[in-house]
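Some notes on the structure that comes next.
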Amino acid sequence: MSTYSCKSFLIGNFGYPVWENPTEHMMEAVFKHHGMKFRYISTEVQKDDLKAAFEGVKAMGYKGFNCTLPHKQNIIPLLDGLGESAEVMGAVNCVVERDGKYIGENTDGKGYIESLLKVTEIKDKTAVILGAGGAARAIGVELALSGASEIIIVNRTESTGQKLATLINDKTPANASFHPLDGQYDVPMGADIVINATNIGLYPDKTKVPINMKTLNSSMIISDVIPNPPKTQFIEDADKRGCTTIDGLGMLVNQGKIGIKYWAGIDVDASVMREALKDIFS
Ligand code: NDP
């Protein structure tokens, strides 16, 4: 029998060896730091094996797990229930065992919100989100549920951008609109928060985020979901314009911190996780 009181893991198809998984490195570092009897193991699970893997989770008494693509949607019919934002988004990245039931949560957007709340209140703010994929959806829904009043989705592909704006309008109290991305995007003057939620800038990509930097001003909060490199070109350019900036490392660390709180009920030291990630990403 395992001596570990809590176990969790990450399932998905990573496209790189599981032992190089940054999330595992970050989680194991903080468990060690706090002397927690808890393991986080990256496991590659193919699409058709998800149900069997989930049965294994139950049989082995895991406290929960993270799931990444392609499982974020496919796990939902197997679960006993969903948290509010996971239900609105239709995507789960964190499963939590509560009283014998496995509940799906989405901690990606919550991780972003935790970073944002360190620099601003969210109520009645206007946010511009570049991108309309999983990260944009998680952030958009969570911003809307946290009181943002206006959310502008800017995306290259009209159908996905429009779909996200409709989802936010239909399922949250915020007003969302879609702006097509065509060349450089001019950020409207009234925007408070601007987020790059595309893949642009993820190591080793050197492409510039298609935002007209001259339309940013120092009262705006500029953030990036890209955790690697921690200081993206977008964040560096926004710093130069005097904006308040938030990097993607914070979102990754905070979603992990929230997951541990769900699984183990413990508030861990986020700075240990951040340092562990920086070690890998640098
Ligand atoms: P998706 O594939 O679901 O969405 C990608 C989005 O980026 C789409 O809206 C896509 O537009 C847009 N996009 C991609 N390339 C370009 C380009 N060259 N020009 C314009 N738009 C582009 O990915 P995810 O949302 O899941 O992930 C996005 C990024 O967020 C990833 O790099 C991931 O590492 C990061 N992420 C970070 C997290 C963190 O904790 N820090 C958590 C989750 C994700 P279109 O619809 O037109 O294709």
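We count ligands from 1, going down the list as the structure has it; atoms in each ligand are counted the same way. The structure displayed is predicted, hence computed values, not measured ones.
Checked by atom type, the side-chain pair N106/S85 shows no donor-acceptor distance below 3.5 Å. Checking N196 against T198 by side-chain atom types alone, a donor-acceptor pair falls below 3.5 Å. Judged purely by distance below 3.5 Å, without hydrogens or angles, the side chains of N93 and T107 pair a donor atom with an acceptor atom.
The shortest heavy-atom distance from G111 to ligand 1 is not under 4.0 Å.
Between A132 and ligand 1, an N or O atom pair is found at a separation short of 3.5 Å. In terms of polar-atom proximity, defined here as any N/O pair under 3.5 Å, P227 makes no such contact with ligand 1.
Atom 48 (O) of ligand 1 has its nearest heavy-atom neighbour, among M251, R156, E158, in R156. For the residues N254, N93, N199, the heavy atom positioned nearest atom 31 (C) of ligand 1 is part of N199.
When the side chains of ILVMFWY residues are joined at heavy-atom separations under 4.5 Å, either directly or via intervening members, L202 and L69 end up in two distinct hydrophobic clusters.
When heavy-atom distances to ligand 1 are checked against a 4.0 Å cut-off, T207 has no atom that comes that close, whether in backbone or side chain.
Under the 4.0 Å distance rule, the nearest protein heavy atom to atom 37 (C) of ligand 1 falls inside the cut-off.
By the 30° and 60° cut-offs, the orientation of the rings of F65 relative to F54 is perpendicular.
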